[in-house]
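Down below is the structure, laid out as structure tokens.
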Amino acid sequence: MSMHYCQQGAVHPTVYVVTCKKCTRSIPAGVQEFPSGNLVVACPLCGELRRYRPSEVYLGFPDSHLIQQQVSITGRRKGGW
């Protein structure tokens with residue numbers, strides 16, 4: 001017997017991401033639609049600039065380290081020193 005569970009209020013990924021080839025973290029691809037050609041993406045975490053094929057782009061969530069980094073930068077800009 002197969003059972004399927006549905007989560008109410010489940011969050012679905014809406015950001016196109018790629019996996020950094022150097023630090024292996026999920027980073028935003030910087031596109032709103034699925035790309036038809038290669039992308040060049042700079043990793044905001046390790047600084048690596050790489051080319052990615054459309055087959056390497058997927059819907060997902062950015063890495064938690066990236067989100068924490070953005071929150072700390074936003075806090076500093078608002079005078080949170």
Side-chain angles (χ1 to χ4, degrees):
M1 182 164 87
S2 174
M3 300 181 83
H4 300 279
Y5 295 97
C6 294
Q7 287 183 310
Q8 288 183 325
V11 179
H12 299 286
T14 57
V15 177
Y16 286 104
V17 296
V18 294
T19 301
C20 178
K21 295 177 181 176
K22 183 175 180 184
C23 67
T24 67
R25 302 207 188 260
S26 297
I27 57 172
V31 293
Q32 299 297 326
E33 298 177 354
F34 193 81
S36 58
N38 291 343
L39 294 174
V40 177
V41 180
C43 179
L45 298 171
C46 69
E48 186 75 9
L49 184 66
R50 292 282 182 119
R51 185 175 308 219
Y52 297 91
R53 296 184 195 121
S55 62
E56 297 173 303
V57 178
Y58 58 94
L59 275 175
F61 297 102
D63 193 82
S64 61
H65 288 89
L66 180 63
I67 295 169
Q68 290 171 357
Q69 184 182 46
Q70 288 176 344
V71 168
S72 67
I73 290 171
T74 305
R76 281 189 242 154
R77 287 182 184 161
K78 292 182 180 179
W81 287 91

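Everything numeric in this text was worked out from a predicted model, so none of it was measured.
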[atom1]-[atom2] distance between [X] and [Y], expressed to the nearest 0.5 angstrom:
X: Gln32; Y: Tyr16; atom1: CD; atom2: OH; value: 9.5 Å
X: Asp63; Y: Cys23; atom1: CG; atom2: SG; value: 7.5 Å
X: Thr19; Y: Tyr52; atom1: OG1; atom2: OH; value: 8.0 Å
X: Arg51; Y: Glu56; atom1: CZ; atom2: CD; value: 11.5 Å

**Study point:** Nearest atoms (heavy-atom pairs only) where Val41 meets Ala29
**Key:** CG2-O, 3.8 Å
**Study point:** Residues, nucleotides or ligands: over 12 heavy atoms within 6.0 Å of Arg50 CZ
**Key:** yes
Review point. Transitively linked via ILVMFWY side-chain contacts under 4.5 Å: Phe61 with Leu59?
Key: no
Point to revise | Val17 reachable from Val31 in the ILVMFWY side-chain graph, under 4.5 Å edges | key: no
Review point. Between Pro62 and Ile27, is any pair of side-chain heavy atoms under 4.5 Å apart?
Key: no
**Study point:** Any Phe34 side-chain heavy atom under 4.5 Å of Pro54 side chain
**Key:** yes
